[in-house]
Enquirer: 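This is the structure, below, for whatever I ask next.
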Amino acid sequence: MTSAESSRAFEALHPHVQRWIWRQGWGALTPTQERAIPTLVAGDQDVIVAAATAGGKTEAAFLPVLSRLLGDEPGHYECEGLALYISPLKALINDQFQRLELMVEGTDIPVVPWHGDVGRKQKDRFFRKRQGVLLITPESLEALFVTHGHRVPQLFERLRYLIVDELHAFIGVERGMQLQSLMHRLELTLRRRVPRVGLSATLGDMGLAAEFLRPGGGEQVDTIVSTEDSGAALKLQVRGYEHKPPALSTNEAEERDERGEQVDQADTLNGDVVDIARHLFRTLRGTNNLIFANSRRDVEVYGDLLRRECDSLGVPVEFFPHHGSLSKDLREHVETSLKTGTQPVTAVCTSTLEMGIDIGAVASIAQIGPPHQVASLRQRLGRSGRRGDAAVLRLYIREDRIDDQTPPPDRLRPALFQAAAMTELLLERWTEPPRVSALHLSTLIQQILSVVAQYGGATAQGLWNVLCESAPFSAVSQDHFLALLRQMGAARLLMQSRDGTLLHGEHGERIVNHYSFYSAFNAPEEFSLAVDGKIIGTLPIDRPVMEESYLIFSGRRWRVLHVDTDHKRIDLARATGGRAPSFGGTPGTVHDKVRDKMFELYRGAADPVYLDTQAKELFTEGREHFQRLGLRDECLVEDGKNTLVFPWAGDIAMDTLAAILTSKATHSEREGICVRVKDAQPSEVRAKLRDICDAPAPSPEDLASGVQNKQTEKYDEYLGEDLLNVDWSSRRLDTQAAIRVAGRLTRSGQ
DNA sequence: GACCTGCTGCGGCGTG
């Protein structure tokens, strides 16, 4: 490695930035920085910088950007342009603001953070200067377009770079479509192309990421991928548990409840859950760790068990819950305790602690239940094993106790095999590519309303040109676009003036003028939970609790004093009993590759080395049942009057296959890792599958028309049935994949 | 039967 001073990248930087590097005492620039700096200083190309660690990536982008803003002359310290940094998290903006302030010290470069918690003063500073670095969220940028639309050309006149941090968090989701649209609208307003810079740690597919950053021009994006290995060793264990009945049956618990006796949550929980909590307590006590549970409810369940374990031994509590429904105060308290490290602290958390601010390295990671995605498992593992120590990961997997009633798919120990499959894929360095097939009509509605606000009105042709033609919503057909405008008219979101200009309708006006308009994603309505007037968190409004019932929340036990429906508020008081609430939610989708790997593990002979004794037994049983069902050679299994189909495919392909079979008068349902076809023998199912392969592909919209509850995105309520079917099927169905799977199935067992 | 993210303008009040 060359020393910092002698490298080409270093030479390309402004003297002020060079001095900043000296002051840091860096021996050398990282290879990623060496590659990124010359391209970014030139400032005429789109670039993606993908590097595993937090350190180095931000500098790889900001050192050259600040250099460019200072101009070519060595003695020049005045700012000559604007860089726009867009982040998905407010916390990240605050972090970057502090780092940048130190980097620009001694220059004239203004750095302005801009999000919902930032005061008027800072924002006015940007309105005056209109240069330097503006750190902003997509929502706040949206707000600028809506409330200062006519000023956008002047405000961003000097824009030279668009930097998107945590790029992976935007790809394939509504919020990412909004971001693409905003970047495109910005360039249209300025009448020029602005180089885009994407930063990320975990990208599953660089081609998709490049195409996301510059729709229609992904091939020209320069992708700089760090090949530096963290080098840390990995210690891995998958622990198996079989369900044990709770100490009290549901009936007994209810009877005691009715008699007014308090029921201890531990007595109503399955014995294996209590066993897992005990193992976590014994193993993790005394060090800093993260325990990831798959739901907020489980966070509260395990958080409560671990706290009581501490209490019963009379030792200080060191296990604390952390999830998105807890108040900011409570969450920040846990984050700070993890960071300072004076006392041992373990957070029991959801994906809240997967990314975002730096909490420092922890001794180990625990994962309860199979992870939903390999990408998420990788991100979680990355929190352990820094500073050269081995990364430690323990997975705790629960499986059913098998009896005569256990349905065949559950005998296969699917949770354990999914966990093992994901672990294998993690070791193979594979990551799910994002799904980018969705039309995102909900966000198109938002963007139409926003463009009308920005220009004070627009024609249908103008809207089409700005949003769809060679623009982010190019997958939307002209027919669908016109149908959408008509629906928006009917819902009074839009109205047409005499000269044909589209303006906000009565209802559209109301929506756009409320601050809730700026986000593209859907957020459920919530009750706030108050203790002595202080808000400790929230509960979804569709999960009501009764007055006088008991609740476990924030790692403590409460009695519900009062439910105020008008003000959406629930008052709580301390109690000794309680149960963890359910927070609801919609399930995610498992990728094809994971099911494929599960199939491979079922057929294999060797046991993975990372299984503990019980997991090994469960694994062996899973394979035995796999053999017994004849699944090695056959994917269709007779089950009473029904047939079970095991396609070893991802959720989207399986759901689509079930929908196609149902449309062919064979009622079918997804059941875990298989599809249950009702009242049909395997031979009939095989014939149906052959039909599916031979016939023309069914229209996804027709398949969607039989599905209930399709309104899931923010503005879906304004889509008519037809457009809703089009949009929903673009998100949730894949007929080509289903037909491929059907083809494979007809060839099995022959 | 999952998780997470974000938000303006202005009136009213208290404090320096």
Side-chain angles (χ1 to χ4, degrees), chain A residues 86-94 113-120 123-124 136-149 164-179 182 290 292-300 321-326 328 331 348-357 367-373 375-377 379-380 409-410 414-415 418 432 443 446 450 453 510-524 526 538 540 543 582-590 651 654-655 669-673 709 712-714:
Chain A
I86 303 174
S87 153
L89 299 173
K90 291 189 286 192
L92 222 50
I93 289 180
N94 297 341
W114 186 310
H115 56 66
D117 301 343
V118 171
R120 194 66 247 171
K123 297 179 177 176
D124 283 340
I136 201 166
T137 60
E139 289 74 18
S140 284
L141 186 57
E142 186 77 64
L144 268 178
F145 272 92
V146 171
T147 56
H148 301 277
V164 181
D165 205 353
E166 305 284 2
L167 189 69
H168 64 275
F170 290 110
I171 305 175
V173 296
E174 300 294 332
R175 210 176 178 200
M177 277 312 281
Q178 176 187 29
L179 173 61
L182 289 169
L290 295 178
F292 287 96
N294 282 344
S295 67
R296 284 169 282 187
R297 182 192 157 78
D298 275 356
V299 165
E300 292 291 353
H322 190 286
H323 59 72
S325 293
L326 290 170
K328 199 178 166 190
R331 285 158 66 174
V348 190
C349 57
T350 57
S351 53
T352 40
L353 289 178
E354 230 174 68
M355 66 171 191
I357 61 145
Q367 162 74 42
I368 304 178
H372 299 295
Q373 287 203 55
S376 143
L377 185 62
Q379 196 91 13
R380 291 173 183 192
D410 294 347
Q418 181 175 321
E432 288 89 355
T443 301
Q446 184 211 30
S450 175
R510 219 174 324 133
I511 290 178
V512 176
N513 286 337
H514 193 265
Y515 60 82
S516 58
F517 173 71
Y518 307 124
S519 65
F521 57 85
N522 213 357
E526 292 171 321
T538 58
R543 303 272 152 172
S582 160
F583 292 83
T586 46
T589 53
V590 173
D651 286 342
M654 283 215 283
D655 287 343
E669 276 170 11
R670 253 285 301 291
E671 191 174 305
I673 55 170
N709 304 328
T712 52
E713 299 302 336
K714 191 172 178 186

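Chain identifiers are assigned alphabetically (A, B, ...) following the order of the sequence lines, protein sequences preceding nucleic acid strands; residue numbering begins at 1 within each chain.
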Enquirer: Only counting residues at least two apart or in another chain, list the ones meeting side-chain hydrogen bond (donor to acceptor under 3.5 Å, both in side chains) with A:E713.
Expert: none

Enquirer: Figure out the CZ/P separation between A:F583 and B:dA2, and round it to whole Å.
Expert: 12 Å

Enquirer: Is it the case that atom CG in A:N709 sees more than 12 heavy atoms from other parts of the structure closer than 6.0 Å?
Expert: no

Enquirer: What nucleic acid atoms does A:R670 come within less than 4.0 Å of, heavy atoms only: base, sugar-phosphate, or nothing?
Expert: base

Enquirer: What donor-acceptor contacts under 3.5 angstrom involve side-chain atoms of residues 516-524 of chain A, with partners at least two apart or in another chain?
Expert:
| residue | atom | partner | partner atom | Å |
| --- | --- | --- | --- | --- |
| A:S516 | OG | A:H514 | ND1 | 2.7 |
| A:S519 | OG | A:K714 | NZ | 3.2 |
| A:N522 | ND2 | A:T712 | O | 2.8 |

Enquirer: Using whole Å, report how far CG of A:D298 lies from P of B:dG1.
Expert: 11 Å

Enquirer: Expressed in angstrom and rounded to an integer, what is the separation of A:L353 atom CG from B:dC4 atom C1'?
Expert: 12 Å

Enquirer: Looking at A:R331, A:H323, A:H322, which hits side chain to side chain donor-acceptor pair (under 3.5 Å) with A:T352?
Expert: A:H322

Enquirer: Does A:R296 have a side-chain nitrogen or oxygen under 4.0 Å from the phosphate oxygens OP1 or OP2 of B:dC3?
Expert: yes

Enquirer: Checking side-chain polar atoms at under 3.5 Å, does A:R297 have a donor or acceptor matched by the opposite partner on A:S582?
Expert: no

Enquirer: Figure out the CD/C1' separation between A:E432 and B:dC3, and round it to whole Å.
Expert: 14 Å

Enquirer: Heavy atoms under 4.0 Å is the rule here; annotate nucleotides 5-16 of chain B 5' to 3' with B where the base is hit, S where only the sugar-phosphate is, and - elsewhere.
Expert: BBBBS-------

Enquirer: For a quick check under 3.5 Å, do A:H115 and A:S140 share a side-chain donor-acceptor pair by atom type?
Expert: no

Enquirer: Atom CD of A:Q418 to atom P of B:dG1: distance rounded to whole Å?
Expert: 15 Å

